Asks: 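I have a structure I would like to understand better, so I am pasting it below and will then ask my questions one at a time.
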Amino acid sequence: ARGLDVTGVFCVSCRHIFVCPNGVIDFHKGEKYRYADLCFAAPLNTSYAAGLRYFVITYDIACKYGVNFMSRCCNKACSFVLIPTNNGDINIIFCVNKFHQESHDDDCAAKNALDYTKFVGRTCGEGVETIWAKMNWLRYSTREMSAASRIETLSEHFNDWNWQKTIGL
């Protein structure tokens with residue numbers, strides 16, 4: 001990864017496995033929480049503005065990522081607030097995807113399990129992984145592109161993914 005401008009991509013999808021608008025961001029030199037925070041901010045803000053107040057976020061490292069999420073993103077004492085809330089009326093739950101639970105210790109797996117989380121039913125939380133199964137081949141064609149060409153190519157493929165999901169309903 002030495003000498004690369006972009007070392008990975010982070011994607012946010014809804015439970016219907018649509019890629020969220022403004023829900024894709026590049027990683028630069030490692031997987032840092034701030035990149036994921038920025039990526040989650042737009043879909044959460046849009047949903048919050050539409051009246052939703054209860055969110056379940058699945059992520060393979062949710063046990064660590066969710067620990068200080070509210071202080072990083074919703075705290076008015078921060079230099080900027082990613083997710084504005086009224087009196088803390090937002091409820092965000094973090095769970096580990098079912099496929100990734102086996103790599104966590106028993107305490108962590110039980111605490112962050114989707115099986116024991118209210119309002120999720122039998123969700124597996126692996127929807128975004130199905131997107132990457134289809135999109136991973138793009139890394140070979142986009143790694144030598146300019147930043148603008150790369151973003152445009154990825155946007156076209158993610159838009160096509162959403163369109164194919166729409167017409168397949």
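Hydrogens, waters and symmetry mates play no part in the numbers below; they use all other heavy atoms, side chains included. Bear in mind that the values here come from a model prediction, so they are computed numbers and not experimental data. All residue numbers refer to positions in the sequence shown, counting from 1.
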Asks: How long is the gap from CZ on Arg72 to CG on Asp37, to the nearest 0.5 Å?
Replies: 4.0 Å
Asks: Using the side-chain contact (heavy atoms from CB on, under 4.5 Å) criterion, which residues pair with Asp160? Sequence neighbours excluded.
Replies: Gln164
Asks: Identify the residue among Val12, Ile57, Leu52 that makes a side-chain contact (heavy atoms from CB on, under 4.5 Å) with Leu44.
Replies: Ile57
Asks: Begin from the C-alpha positions of Asn91 and Arg53 and carry the test side chain to side chain contact (heavy atoms under 4.5 Å, CB included) through to its verdict.
Replies: CA-CA 6 Å; Asn91 190 6; Arg53 298 295 182 261; 6.0 Å; no
Asks: Looking at Arg139, I want to see if its CZ is surrounded by more than 12 non-hydrogen atoms of other residues, nucleotides or ligands under 6.0 Å.
Replies: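 Enclosed: over 12 neighbouring heavy atoms sit under 6.0 Å from CZ of Arg139.
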Asks: Would you say Tyr33 and Val67 make side-chain contact, with heavy atoms under 4.5 Å?
Replies: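 The answer is no, as the side chains (C-beta and beyond) never meet within the 4.5 Å cut-off.
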Asks: Quick one: pull up OH in Tyr35 and CG in Asp26 and give me the separation to the nearest 0.5 Å.
Replies: 9.0 Å
Asks: At what distance, to the nearest 0.5 angstrom, does OG1 of Thr123 lie from CG of Asp115?
Replies: 9.5 Å
Asks: Quick one: are Phe27 and Val6 in side-chain contact, heavy atoms under 4.5 Å?
Replies: no
Asks: Quick check: does any side chain N or O of Tyr54 sit under 3.5 Å from a backbone N or O of Ile92, one acting as donor and the other as acceptor?
Replies: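 No, because the side chain of Tyr54 does not come within donor-acceptor range (under 3.5 Å) of the backbone of Ile92.
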Asks: Looking at Tyr116, I want to see if its OH is surrounded by more than 12 non-hydrogen atoms of other residues, nucleotides or ligands under 6.0 Å.
Replies: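 No, because the 6.0 Å sphere around OH of Tyr116 holds 12 heavy atoms or fewer from other groups.
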Asks: Check whether any side-chain heavy atom of Val96 lies under 4.5 Å from a side-chain heavy atom of Thr58, and answer yes or no.
Replies: no
Asks: Can you find a pair of side-chain heavy atoms, one from Val9 and one from Trp132, that are under 4.5 Å apart?
Replies: yes
Asks: Does NZ in Lys165 sit with more than 12 non-hydrogen atoms of other residues, nucleotides or ligands closer than 6.0 Å?
Replies: yes
Asks: Rounded to the nearest 0.5 Å, how far apart are CG of Leu154 and CD of Glu152?
Replies: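 So the CG of Leu154 and the CD of Glu152 are separated by 10.0 Å.
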Asks: Side chains of Tyr65 and Asp60: donor-acceptor distance under 3.5 Å anywhere?
Replies: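 There is no such pair between these side chains.
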Asks: Can you check whether Phe119 reaches Val56 side chain to side chain, under 4.5 Å on heavy atoms?
Replies: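 No. Closest side-chain heavy atoms not under 4.5 Å.
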Asks: Tell me whether the centres of the aromatic rings in Tyr59 and Phe10 are closer together than 6.0 Å.
Replies: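 When the ring centroids of Tyr59 and Phe10 are compared, they turn out to be within the sub-6.0 Å range.
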